[in-house]
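All values derive from a computational prediction rather than experimental measurement.
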Amino acid sequence: MIIMKKAAAIGNTLFIYLIALLPAMLFTADRNRIFAFMWERLFFNNVYVLLGFILLDGIIVYILDMLFLLMARNGRWTSQELAKTNMMVKLIQIPAYLFLFAVGLLCCVMIFTIGISFALLLLDIFSIGMTGLFASAAFHALRKEQKISGKMQVFYSLASFLFCVDIVIAILGYRRSVSEGQIPQKR
């Protein structure tokens with residue numbers, strides 16, 4: 001079952017980097033030998049092939065995340081394991097999101113490339129949806145181990161679907177998972 005957790009974590013992490021590969025390849029394939037080789041041989045000089053590959057990968061990772069969420073709800077991992085993995089995934093993704101944000105801003109400046117900005121935004125939303133599902137497993141485990149309340153679980157889970165806030169929530173979730181105290185029970 002460790003394989004499932006690693007597969008979901010790696011899948012979530014790699015997906016955003018595949019998205020970052022899209023503009024990098026589009027704008028530098030003529031100057032970079034590796035990108036030129038990949039663009040010609042793997043994607044046949046067609047952006048739709050690369051987009052199709054990214055979306056297929058995204059669908060597979062979504063399915064993995066759903067299976068991971070079900071397994072995590074059955075208590076396969078501790079809240080600390082899940083929260084740490086969630087935090088690591090979110091932190092590792094920061095450079096790719098920063099790159100995509102910069103490219104999106106640059107593409108908004110020129111009217112001919114604003115469609116690229118829109119496409120990147122949609123793919124980013126798709127990606128944060130995946131990592132939000134992944135994070136929900138950690139917050140369910142935290143509630144199950146009585147380290148957060150049910151309301152906090154809902155808040156943390158929903159906040160995991162918001163850009164930038166998700167990173168703060170992932171760190172808070174991890175800090176909560178390593179704390180020894182439990183929330184007091186209402187009587």
*asked:* Before you tell me yes or no, could you show the steps for Q153 and L142 under side chain to side chain contact (heavy atoms under 4.5 Å, CB included), namely the whole-Å CA-CA distance, both residues' side-chain angles and the distance that decides it to 0.1 Å?
replied: CA-CA 8 Å; Q153 177 193 358; L142 281 169; over 6 Å; no

*If a pair satisfies side chain to side chain donor-acceptor pair (under 3.5 Å) and one of its residues is in residues 82-94, list it, with sequence neighbours excluded.*
K90-T131, K90-D166

*Of Y62, F68, F15, the residue whose pairing with F134 passes ring-ring contact (aromatic ring centres under 6.0 Å, His included)*: F68

_From M4 atom CE to W77 atom CH2, the distance as rounded to the nearest 0.5 Å_ = 6.5 Å

_In this structure, is the centre-to-centre distance between the rings of F43 and Y48 below 6.0 Å?_
no

*Would you sort out whether I19 and F126 count as a side chain to side chain contact (heavy atoms under 4.5 Å, CB included), showing the intermediate values?*
CA-CA 10 Å; I19 296 170; F126 192 75; over 6 Å; no

*Is the number of heavy atoms from other residues, nucleotides or ligands within 6.0 Å of CZ (F155) greater than 12?*
no

*Rounded to the nearest 0.5 Å, what separation is found between the CG atom of L18 and the CG atom of L56?*
11.0 Å

*State the CG-CD1 distance between L162 and I167, to the nearest 0.5 angstrom.*
11.5 Å

*Hey, could you give me the CG/CZ distance between L106 and F27, rounded to the nearest 0.5 Å?*
8.5 Å

_Does I111 have more than 12 heavy atoms from other residues, nucleotides or ligands lying within 6.0 Å of its CD1?_
no

*Given S79 and K147, is the side chain to side chain contact (heavy atoms under 4.5 Å, CB included) satisfied, shown in steps?*
CA-CA 9 Å; S79 66; K147 293 186 177 184; 4.1 Å; yes

